[in-house]
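First the structure, in the form of structure tokens, and then the observations on it.
The analysis underlying the following values was restricted to heavy atoms, covering all of them including side chains, and did not include hydrogens, waters or symmetry mates.
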Amino acid sequence: MTEPLRLALSSKGAYEEATMRFLERAGLSVWRPNPRQYVGRISGLPNVEVLFQRTEDIVHKVVDGSADLGITGYDLVAEHGGDAPNLHVVIEDLGFRRCELVLAVPEGWLDITTVADLADLSVDLRRTGRTLRVATKFPNLTRDFLYRHGVNYFSLVDAHGALEAAPTLGYADIIADLSETGVTLRDNRLRVLDGGVILRAQACLIASRRTLRDQPAKLEAARTIIELSEARLRTRQFRLITANVQGESAEAVAQHVISQMETAGEQGPTIADIYPKHGTVDGGPRWFGVTIIVPAHLLLPAVDHLRRAGSSGITVTSPDYVFDACSPAYERLLRSLEECR
Ligand SMILES: Nc1ncnc2c1ncn2[C@@H]1O[C@H](COP(=O)(O)OP(=O)(O)OP(=O)(O)O)[C@@H](O)[C@H]1O
Ligand SMILES: O=P(O)(O)OC[C@H]1O[C@H](OP(=O)(O)OP(=O)(O)O)[C@H](O)[C@@H]1O
Ligand SMILES: [Mg+2]
């Protein structure tokens, strides 16, 4: 019997929901018997076992090899797994749970707007025998950031939950915490310093190198999850456009489409004859079906270009997956496994 691949996923709340939604779209439906069960399955992948864990614990599980793959916040990975040799980041950006780790000061500190101002303040405070106190759940990232930005005199206050209240309650002067919309900071009368973004983060896919290295069956299960996730993510960049275009010949239609290079499709258009439902019209205009794949942000320019060729009834779809000649994320993982042999 080969061991199943152990995939650690968030066990609760907004993180769990967003992870399930992402995996479902990638064709990986997760089944959890009930919210109090901490083991689940993925339909169609019998050799994968899902472990439901706290987001922070997911990093520790992958670092110590008790999970082979995990999905969790990149902020937690950078804080708790930064220099762990067993940890490999497979896909850094899964496109959900975006947030920033920021340095924020009380709104009333009108003279302190940049990180350089904070450095000056920390020196001034030191002269008066005080130390700048920074409350955070991210001591490693915060310490590195402050030193790199010339803030040399400070103390870190370990805080858990409701960190934003620390300056008001008086047990810290400023905070380093996660922010998404900024509403929590504003509600607590705090302001992000200019240049005070310590890290931009989102959900990411991580792997344990040691446990994947020597077990081909696990690695193959990991490849399925990596390939499907990556190919699904790539679909966001592309749209598939289909249009009927009138023209003298397929070549003439192709020429028109190609004349605007950036909307000519990834490699160029696919052009097919349309056979009229009501018999052929000898010598009359001919119709062609044109299919192109364009970058999502060029959708409208491409539609306009096809309109200029006289086409109407243009349909646009998103592919379910976009696979490349190989999976860059999987190739990177293989190289990283090679290095730790
Ligand atoms: N407001 C937010 N918007 C988007 N992502 C966020 C936000 N806040 C935190 N995150 C991400 O979610 C992770 C925290 O996940 P989760 O909410 O499961 O844990 P928690 O906050 O420690 O637990 P709880 O919400 O029960 O206090 C963070 O490390 C970060 O990656
Ligand atoms: O900038 P905002 O949009 O206000 O979000 C920031 C808040 O979100 C997180 O808390 P929490 O873990 O409670 O949020 P969650 O419920 O989204 O996990 C974080 O610790 C902040 O307190
Ligand atoms: Mg939370």
Side-chain angles (χ1 to χ4, degrees), residues 8 10 12-15 53-64 66-67 70-89 92 97-106 109 112 114-126 129-180 182 184-185 188-204 206 208:
S10 165
K12 66 176 174 60
Y15 223 108
Q53 301 284 328
R54 289 180 53 232
T55 43
E56 185 184 321
D57 294 342
I58 292 172
V59 182
H60 299 302
K61 292 254 168 217
V62 174
V63 165
D64 72 20
S66 51
I71 294 181
T72 189
Y74 186 70
D75 48 304
L76 298 168
V77 173
E79 174 68 24
H80 301 286
D83 47 12
N86 190 44
L87 188 138
H88 173 80
V89 178
E92 192 175 310
R97 289 301 276 172
R98 287 188 188 290
C99 55
E100 293 179 339
L101 177 62
V102 297
L103 267 184
V105 300
W109 288 19
I112 313 293
T114 67
V115 180
D117 296 339
L118 192 68
D120 294 342
L121 176 73
S122 73
V123 174
D124 293 346
L125 282 177
R126 190 162 184 260
R130 277 200 53 205
T131 314
L132 178 74
R133 296 163 305 160
V134 189
T136 188
K137 282 193 271 185
F138 295 86
N140 296 325
L141 293 172
T142 303
R143 190 185 307 111
D144 283 0
F145 180 87
L146 289 173
Y147 282 145
R148 267 189 288 118
H149 290 78
V151 185
N152 295 316
Y153 308 112
F154 60 87
S155 65
L156 295 176
V157 180
D158 187 27
H160 289 281
L163 203 68
E164 289 90 351
T168 309
L169 296 178
Y171 68 85
D173 302 303
I174 67 170
I175 68 162
D177 196 17
L178 298 171
S179 171
E180 189 216 357
T184 311
L185 289 179
N188 287 279
R189 307 185 62 81
L190 296 167
R191 166 171 47 81
V192 179
L193 286 178
D194 287 347
V197 177
I198 299 174
L199 183 81
R200 281 179 231 285
Q202 61 289 311
C204 65
I206 52 177
S208 149

Report the distance from atom OG1 of Thr168 to atom CG of Leu190, rounding to the nearest 0.5 Å.
6.5 Å
In the structure I gave you, are the side-chain heavy atoms of Phe145 and Leu199 within less than 4.5 Å of one another anywhere?
no
State the CG-NE2 distance between Asp144 and His149, to the nearest 0.5 angstrom.
11.0 Å
Minimum heavy-atom distance between Ala159 and Lys137, given as atom pair plus value
O-CG, 3.0 Å
Any side-chain heavy atom of Leu103 sitting closer than 4.5 Å to one from Leu146?
yes
Residue pair Ile71 / Ser10, side-chain heavy-atom distance below 4.5 Å:
no
Write out all pairs satisfying salt bridge (Lys or Arg N to Asp or Glu O under 4.0 Å) with one or both partners inside residues 153-176, taking only residues at least two apart or from two chains.
Arg130-Asp173, Arg133-Asp173
Side chain of Asp64, backbone of Ser66: donor and acceptor closer than 3.5 Å?
yes
Phe154: what forms a ring pair (Phe, Tyr, Trp, His ring centres under 6.0 Å) with it, not counting sequence neighbours?
Tyr147
Do the side chains of Val59 and Leu87 get nearer than 4.5 Å, heavy atoms only?
yes
Are side-chain heavy atoms of Leu132 and Tyr153 found at a separation under 4.5 Å?
no
Non-hydrogen side-chain atoms of Ile198 and Phe138 separated by less than 4.5 Å
no
Say you draw a straight line from CD of Glu92 to OH of Tyr74; how long is it, rounded to the nearest 0.5 Å?
4.0 Å
Would the distance check show the side chain of Asn140 and the main-chain N or O of Glu79 forming a donor-acceptor pair, the cut-off being under 3.5 Å?
yes
One pair to check against side chain to side chain contact (heavy atoms under 4.5 Å, CB included): Leu185 and Val102. What are the steps and the verdict?
CA-CA 10 Å; Leu185 289 179; Val102 297; 3.9 Å; yes
In the structure I gave you, are the side-chain heavy atoms of Pro106 and Ile174 within less than 4.5 Å of one another anywhere?
yes
Main chain of Thr72, side chain of Glu56: is a donor-acceptor contact present, judged purely on distance under 3.5 Å?
no
Minimum heavy-atom separation for Val62 and Asn86, please, with both atom names.
O-ND2, 3.2 Å
Closest heavy-atom pair and its distance - Gly70, Ile58
CA-CG2, 3.9 Å
Of all the heavy-atom pairs spanning Val105 and Leu118, show the shortest one and how long it is.
CG1-CD1, 4.5 Å
Rounded to the nearest 0.5 Å, what separates atom CG in Leu141 from atom CG in Leu76?
9.5 Å
Can you tell me if Thr142 uses its side chain to pair, donor with acceptor, with the backbone of Pro139 under 3.5 Å?
no
Over all atoms of both residues, closest heavy-atom pair of Arg191 and Trp109
NH2-O, 2.7 Å
Is the closest side-chain donor-acceptor distance between Asp194 and Thr114 under 3.5 Å?
no
Looking only at heavy atoms, what is the nearest atom pair of Glu100 and Arg200, with distance?
OE2-NH1, 2.5 Å
Side-chain touch Asp177/Thr184, heavy atoms, less than 4.5 angstrom:
no
